[in-house]
Amino acid sequence: MTHSKLTLGLPGFEYPDLYNANRLNALLAAFDDSVKLQQPELFAEFQRYRQSQGQGFTPEQNSELLVRMAPFLGRFIAKLFNVTAEHDRQRQRIETEMSTVFEFKNSV
């Protein structure tokens with residue numbers, strides 16, 4: 001299979017778009033729209049962070065914001081590459097493992 005035949009999971013996007021700056025802007029807009037739709041307040045905060053390039057945010061605020069954005073990016077990339085089911089399974093395994101670790105830690 002050639003890379004140009006890879007089918008992306010977002011309508012209107014094709015693999016060669018990942019190498020085209022204009023199409024990357026459109027992909028970014030699609031990501032932004034998805035976050036805006038799901039969590040408008042979080043998106044507004046992230047937009048402020050982006051526009052200021054992190055200026056005025058403490059290191060802790062930067063970290064906390066990026067951690068809150070990470071699941072949205074993970075789901076978006078999983079959808080983009082048609083690996084949503086695999087992403088969900090991996091996320092569930094990690095959550096189960098972390099829960100086990102914290103249960104053990106709290107019982108000691």
Side-chain angles (χ1 to χ4, degrees):
M1 172 187 345
T2 64
H3 292 297
S4 63
K5 299 289 184 191
L6 179 66
T7 302
L8 297 181
L10 292 175
F13 291 96
E14 297 178 358
Y15 186 80
D17 293 338
L18 300 178
Y19 297 92
N20 177 317
N22 291 328
R23 295 300 292 153
L24 287 175
N25 281 333
L27 191 60
L28 176 60
F31 171 72
D32 288 351
D33 289 346
S34 72
V35 177
K36 259 190 269 190
L37 182 66
Q38 297 172 69
Q39 290 276 326
E41 304 84 18
L42 176 59
F43 177 76
E45 185 178 350
F46 187 63
Q47 192 65 358
R48 284 191 304 277
Y49 170 82
R50 228 190 235 160
Q51 289 170 346
S52 71
Q53 297 183 338
Q55 295 297 314
F57 287 75
T58 67
E60 294 81 9
Q61 289 171 319
N62 287 342
S63 294
E64 191 265 339
L65 178 58
L66 295 177
V67 166
R68 288 177 31 224
M69 286 295 294
F72 294 92
L73 182 59
R75 285 190 299 269
F76 186 82
I77 290 172
K79 182 176 180 180
L80 176 65
F81 288 104
N82 286 312
V83 293
T84 300
E86 293 87 348
H87 176 263
D88 289 342
R89 282 192 298 273
Q90 183 179 29
R91 182 185 46 77
Q92 183 59 47
R93 277 194 310 272
I94 291 168
E95 287 175 2
T96 300
E97 289 174 7
M98 292 304 293
S99 176
T100 302
V101 167
F102 283 110
E103 282 178 31
F104 177 77
K105 182 178 177 185
N106 290 334
S107 70
V108 176

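Note that the numbering runs from 1 along the sequence shown for the chain. Note that the structure is a prediction, hence the values are computed from the model and not measured.
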Asks: Could you check if a side-chain atom of T96 sits within less than 4.5 angstrom of a side-chain atom of R93, using non-hydrogen atoms only?
Replies: no

Asks: By the side chain to side chain donor-acceptor pair (under 3.5 Å) test, which pairs, at least two apart or in different chains, include something from residues 62-85?
Replies: E45-R68, E64-R68

Asks: Can you list the residues that meet the salt bridge (Lys or Arg N to Asp or Glu O under 4.0 Å) rule with R50, with sequence neighbours excluded?
Replies: D32

Asks: Kindly compute the distance separating CG (L24) from CG (L18), expressed to the nearest 0.5 Å.
Replies: 6.5 Å

Asks: Looking at side-chain heavy atoms only, is the closest gap between F46 and V35 below 4.5 Å?
Replies: no

Asks: Report, as yes or no, whether the 6.0 Å neighbourhood of atom CD on E95 holds more than 12 heavy atoms from other residues, nucleotides or ligands.
Replies: yes

Asks: Backbone N or O of N22 within a donor-acceptor pair of the N25 side chain at under 3.5 Å?
Replies: no

Asks: Examine L10 and L37 and state if one hydrophobic cluster contains both, with Ile, Leu, Val, Met, Phe, Trp and Tyr joined whenever side-chain heavy atoms are less than 4.5 Å apart.
Replies: no

Asks: So how far is it from S34 OG to F72 CZ, rounded to the nearest 0.5 Å?
Replies: 8.5 Å

Asks: Would you give the length of the straight line joining atom CZ of F13 to atom CG of L27, rounded to the nearest 0.5 angstrom?
Replies: 5.0 Å

Asks: With sequence neighbours excluded, tell me which residues meet side-chain hydrogen bond (donor to acceptor under 3.5 Å, both in side chains) with Q39.
Replies: none

Asks: From F81 CZ over to L6 CG, what is the distance, rounded to the nearest 0.5 angstrom?
Replies: 7.0 Å

Asks: At what distance, to the nearest 0.5 angstrom, does OH of Y49 lie from CG of L42?
Replies: 12.5 Å

Asks: Could you pull out the closest heavy-atom pair between G56 and Q61, with the gap in Å?
Replies: O-OE1, 3.9 Å

Asks: Could you tell me the separation between the CD1 atom of I77 and the CZ atom of F31, rounded to the nearest 0.5 Å?
Replies: 8.0 Å

Asks: Please report the closest heavy-atom contact between S52 and F57, naming both atoms and the distance.
Replies: OG-CE1, 3.6 Å

